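To keep things clear, I will list the structure first and then write my remarks on it.
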Amino acid sequence: MLIKEAREITGGLSKPSKMPGPAYNLPASQCITGAKLVNVKGSTCSGCYALKGNYIRFPAVQKAMERRARSLVHESWITAMVVQIKKHRWFRWHDSGDLQSVQHLKNIFEVCKLTPDTRHWLPTREARFLNLMDPDVVPKNLKIVLSDHMNNQRVTPTWWPYTSGVTTDHNQVTCPASKQGNKCLDCRKCWDRRTKRVIYGKH
């Protein structure tokens with residue numbers, strides 16, 4: 001499959017300026033849990049960055065994300081994603097949006113297995129798709145991180161090995177991006193399975 005055809009099927013990849021590689025985004029308005037949390041004061045989704053700024057300012061960006069959402073059920077989605085990802089060393093799933101179904105997650109697993117030289121990071125708030133899963137079934141080149149629902153959350157899940165939180169106390173932040181031009185640069189904590197928890201600063 002040619003890259004051009006792969007892009008037509010999947011809607012193409014996104015290119016967050018912060019990241020060391022490409023990503024794949026979906027409309028934040030279609031988040032299952034996030035759509036509820038966005039209306040909860042003090043939640044990590046309140047004031048969601050993917051519901052403002054460039055994500056909604058440009059119609060072309062909105063149309064691209066909607067096209068990606070529709071593509072998730074395409075019979076060649078896995079192959080098309082592999083064609084686009086395989087030459088990249090680092091990849092992030094969903095810089096906007098989140099998991100939509102168990103099948104969506106299974107398809108991502110297949111993409112990861114077929115791109116063994118790529119390190120994948122998948123942050124999610126959809127605990128429903130993880131809480132009956134043995135973490136050992138996750139491909140070794142994929143790190144799934146369960147994101148806290150609330151800012152400054154003190155009690156965090158212990159049943160999943162990787163979590164992330166958001167704090168208003170910048171002395172607690174462990175993500176260095178805010179001190180280096182809002183970029184990952186050489187930090188790979190989000191992809192590194194040796195890092196069990198990452199704390200981000202509230203924007």
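Small disclaimer: the values here were computed from a predicted structure and weren't measured. We count residues from 1, following the sequence as given.
Residue L146 comes nearest to P157 through the heavy atom pair CD2-CG, 3.7 Å, listed as atom of the first residue, atom of the second, then distance. Counting all heavy atoms, side chain and backbone alike, Q84 lies closest to R7 at OE1-CG, 3.4 Å. Residues K18 and C175 approach most closely at NZ-SG, 4.4 Å, considering heavy atoms. Residues P16 and P22 share a closest heavy-atom pair of CD-C, 4.5 Å. Heavy atoms only, all atoms of each residue included: S14 and Y24 are closest at OG-N, 3.5 Å. The minimum heavy-atom distance between P161 and P135, with the atom names listed, is CD-CG, 3.9 Å.
Judged by distance alone, with hydrogens and angles left aside, the side-chain atoms of T195 form no donor-acceptor pair with the main-chain N or O of R197 at under 3.5 Å. In this structure, K86 contributes its side chain and T118 its backbone to no donor-acceptor pair below 3.5 Å. Checked by atom type and distance alone, the side chain of Q100 pairs as donor or acceptor with a backbone atom of Q30 at under 3.5 Å. Counting only distance, with no hydrogens or angles, the side chain of Q153 and the backbone of V155 share a donor-acceptor pair below 3.5 Å. Under a 3.5 Å cut-off, the side chain of E126 and the backbone N or O of T33 do form a donor-acceptor pair.
Residue pairs that meet the ring-ring contact (aromatic ring centres under 6.0 Å, His included) test with at least one member in residues 172-202, sequence neighbours left out, are W90-W191, W121-W191. Here side chain to side chain donor-acceptor pair (under 3.5 Å) pairs that include residues 173-189, with residues two or more places apart or in two chains, number zero. Residues in residues 34-47 take part in these side chain to side chain donor-acceptor pair (under 3.5 Å) pairs, two or more places apart or across chains: T44-R125.
The side-chain contact (heavy atoms from CB on, under 4.5 Å) test applied to D169 returns T167, N171, Q172, not counting sequence neighbours. Every side-chain contact (heavy atoms from CB on, under 4.5 Å) that D136 has, sequence neighbours left out, goes to D134, K140. Considering only residues two or more places apart in sequence or on other chains, H149 meets the ring-ring contact (aromatic ring centres under 6.0 Å, His included) condition with none of them.
Note that CD1 of I32 is 8.0 Å distant from CG of L99, once rounded to the nearest 0.5 Å. Here M65 contributes atom CE and N25 contributes atom CG; the two are 5.5 Å apart, rounded to the nearest 0.5 Å. Summarising the geometry, atom OG belonging to S96 is positioned 9.0 Å from atom CZ belonging to R68; distances are rounded to the nearest 0.5 Å. Here S76 contributes atom OG and I9 contributes atom CD1; the two are 4.5 Å apart, rounded to the nearest 0.5 Å. The distance from atom CZ of R193 to atom CD1 of I144, rounded to the nearest 0.5 Å, is 8.0 Å. Atom NZ of K4 is separated from atom CD of E8 by 6.0 Å, given to the nearest 0.5 angstrom.
Remark: aromatic rings of W160 and Y162 are distant, center separation not under 6.0 Å. H94 and H104 have their aromatic ring centers within a separation under 6.0 angstrom.
A continuous path of ILVMFWY side-chain contacts below 4.5 Å connects V145 to F109, so both sit in one hydrophobic cluster. V102 is connected to V138 through a chain of hydrophobic side-chain contacts under 4.5 Å among Ile, Leu, Val, Met, Phe, Trp and Tyr, so both are in one cluster. Tracing side-chain contacts under 4.5 Å through hydrophobic residues (I, L, V, M, F, W, Y), one never reaches L105 starting from V73; they form parts of separate clusters. Both I108 and V137 are members of a single hydrophobic cluster when ILVMFWY side chains are connected at heavy-atom separations under 4.5 Å. Side-chain heavy atoms closer than 4.5 Å link hydrophobic residues (I, L, V, M, F, W, Y) into clusters, and following such links, possibly through other members, connects L122 to V111.
Using a cutoff of 4.0 Å between basic side-chain nitrogens and carboxylate oxygens, E66 and K63 are not scored as salt-bridged. Ion pairing between a basic and an acidic side chain is recognised when a charged N comes within 4.0 Å of a carboxylate O; K15 and D95 show no such pairing.
For the residue pair T10/H74, the side-chain donor-acceptor check at 3.5 Å is not satisfied.
At a threshold of 4.5 Å between non-hydrogen side-chain atoms, the residues I85 and H120 count as touching. Here the side chains of N107 and L72 are not in contact, with every heavy-atom distance at 4.5 Å or above. Counting heavy atoms from C-beta outward, N152 and K202 have side chains that stay 4.5 Å or more apart.
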Step-by-step salt bridge (charged side-chain N to carboxylate O under 4.0 Å, His left out) determination, D148 to R154: CA-CA 10 Å; D148 288 356; R154 294 188 177 184; over 6 Å; no
Candidate pair T115 and F91, rule side chain to side chain contact (heavy atoms under 4.5 Å, CB included), full reasoning: CA-CA 10 Å; T115 54; F91 189 78; over 6 Å; no
M81 and W93: CA distance, side-chain angles, deciding distance, side chain to side chain contact (heavy atoms under 4.5 Å, CB included) verdict: CA-CA 11 Å; M81 289 300 295; W93 291 93; 3.7 Å; yes
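Other residues, nucleotides and ligands contribute at most 12 non-hydrogen atoms within 6.0 Å of the CZ atom of R89.
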